[in-house]
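Worksheet: the structure to be examined is printed underneath.
To find a chain, count down the sequence lines: A is the first, B the second, and so on, and within it residues start at 1. Quantities reported herein were computed from a predicted structural model and do not represent experimental measurements.
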Protein chains: 2
Amino acid sequence: MNISEAAKRCGLGSKTIRYYESIGLVAPAKRSENGYRDYSDGDVEALRFLQRARATGFGIEECRQLLGLYDNQQRHSSHVKSLVLEKVEQVESQIAELEAMRDTLNGLASRCAGDEGPQCAILDELSTAEHEKPVAKKREDES
Amino acid sequence: MNISEAAKRCGLGSKTIRYYESIGLVAPAKRSENGYRDYSDGDVEALRFLQRARATGFGIEECRQLLGLYDNQQRHSSHVKSLVLEKVEQVESQIAELEAMRDTLNGLASRCAGDEGPQCAILDELSTAEHEKPVAKKREDES
DNA sequence: ACTAAAGGTTCCAGCAACTATAAGGTCAAC
DNA sequence: GTTGACCTTATAGTTGCTGGAACCTTTAGT
């Protein structure tokens, strides 16, 4: 089948599939006589695996690991599980960051009259206040 | 003062400051005789405003808007407030996405034995299952 | 006075994970 | 035979910086 059919079946875009091939995340598709990529049901299965893993929050390199485990009959399920639990932790810390942001934003909004006048607590606080910073990001600065 | 001193005072990196100048987010700094950028306390104030706005979750273009309002004596605080509340909504929908991801991941992990064997519910579900997708992202596909 | 380190300058490349665009080849239908 | 949809490749853009090279200036030490 052509790439667009494969794309339809796996839930990815055609461009995404070509991109995954270009970075070696999937093996190069075999080509039909006209040079078009030609996908088998097995290929689509692998692509669908990727689609789901990406949608579940795994990054490209993590997907590469998962595919490796998927293909490896010697795997230990404990290994897979630990990848997933690690991901849970990452996601939870992202959530915490965003919640802190939301709280900061709500705090700002609550102190702003939101009327026709120019006086604005939000701008005041952004320019001067020592309001709590939601995220303390590392900055390693210049080379 | 030199760029690294300004950087220290506003909490941004020197490179970030140069970058903000290069994209026109801040006005080009005036230069001293040797060609070095020379910052005033006022410049630092604007940079600190940016540092806080970014840390609070605003994107570059949103910062541009906020700075515009900051500089505009004719502003309405309602305008500023609505920017902030819009941002709150964006952040909340990101949180919801991440929570859905986390739940999916936890669901996967809970069904996996996590032992020495190769049988793994996680891989099984990623390859075949119709498990709930956390995010339904738009895909507009090819041109 | 000389030298080495630490700062400044510019510009170009790269990160994630694609997406958009251009310029072209192929195929099915009318 | 020509339209239009589909395929191909290659390149550039997205976001918000960060790292590096190559070079100049200032400062501190000998």
Can you tell me which nucleotide in [options] comes closest to the side chain of [X]?
| X | options | answer |
| --- | --- | --- |
| A:Thr16 | C:dT19, D:dG20, C:dT9 | C:dT19 |
| A:Ile60 | D:dT9, C:dT10, C:dC18 | C:dC18 |
| A:Ile3 | D:dT18, D:dT8, C:dG8 | D:dT8 |

* B:Glu62 side-chain N/O to B:Gly59 backbone N/O, donor-acceptor pair under 3.5 Å ->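 Indeed, once roles are kept as given, a pair shorter than 3.5 Å links the two residues.
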* **B:Pro118 backbone acceptor or donor facing A:Arg75 side chain under 3.5 Å** =>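 Yes; at least one donor-acceptor contact below 3.5 Å.
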* Side chains of B:Glu45 and B:Tyr70: do they bring a donor and an acceptor to under 3.5 Å? ->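 Yes - a donor-acceptor pair under 3.5 Å links their side chains.
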* **B:Asp115 and A:Ser78 side chains, donor-acceptor separation under 3.5 Å** =>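 No - no donor-acceptor pair under 3.5 Å links their side chains.
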For the pair made of [atom1] in [X] and [atom2] in [N], what is the distance, rounded to whole Å?
| X | N | atom1 | atom2 | answer |
| --- | --- | --- | --- | --- |
| A:Tyr39 | D:dC6 | OH | P | 16 Å |
| B:Gln51 | D:dG16 | CD | C1' | 15 Å |
| B:Asp38 | C:dG7 | CG | P | 18 Å |
| B:Ile17 | C:dT10 | CD1 | C1' | 17 Å |
| A:Leu25 | C:dA17 | CG | P | 10 Å |
| B:Tyr19 | C:dA13 | OH | P | 17 Å |
| B:Glu61 | D:dT15 | CD | P | 7 Å |
| B:Lys15 | C:dT9 | NZ | P | 11 Å |

Does [N] have OP1 or OP2 under 4.0 Å away from a side-chain N or O of [X]?
| X | N | value |
| --- | --- | --- |
| B:Arg54 | D:dC17 | yes |
| A:Arg37 | D:dC7 | no |
| B:Arg31 | C:dT10 | yes |
| B:Tyr20 | D:dG16 | no |

* **NZ/NE/NH1/NH2 to OD/OE distance under 4.0 Å, A:Glu21 and A:Arg18** =>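 Result for this pair is no, no salt bridge flagged.
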* Asked: In the 5'-to-3' direction, what one-character label does each nucleotide of nucleotides 24-30 of chain C receive under the scheme B = base within less than 4.0 Å of a protein heavy atom, S = sugar-phosphate only, - = no such atom?
  -> -BBS---
* Asked: Should we say atom CD of A:Glu89 is surrounded by more than 12 heavy atoms from elsewhere, each under 6.0 Å from it?
  ->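 Not buried by this count: 12 neighbours or fewer within 6.0 Å.
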* Measure the shortest side-chain to side-chain distance between A:Met1 and A:Arg9 over non-hydrogen atoms and say whether it is less than 4.5 angstrom. =>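 When only atoms from C-beta onward are counted, A:Arg9 and A:Met1 do touch, with a gap below 4.5 Å.
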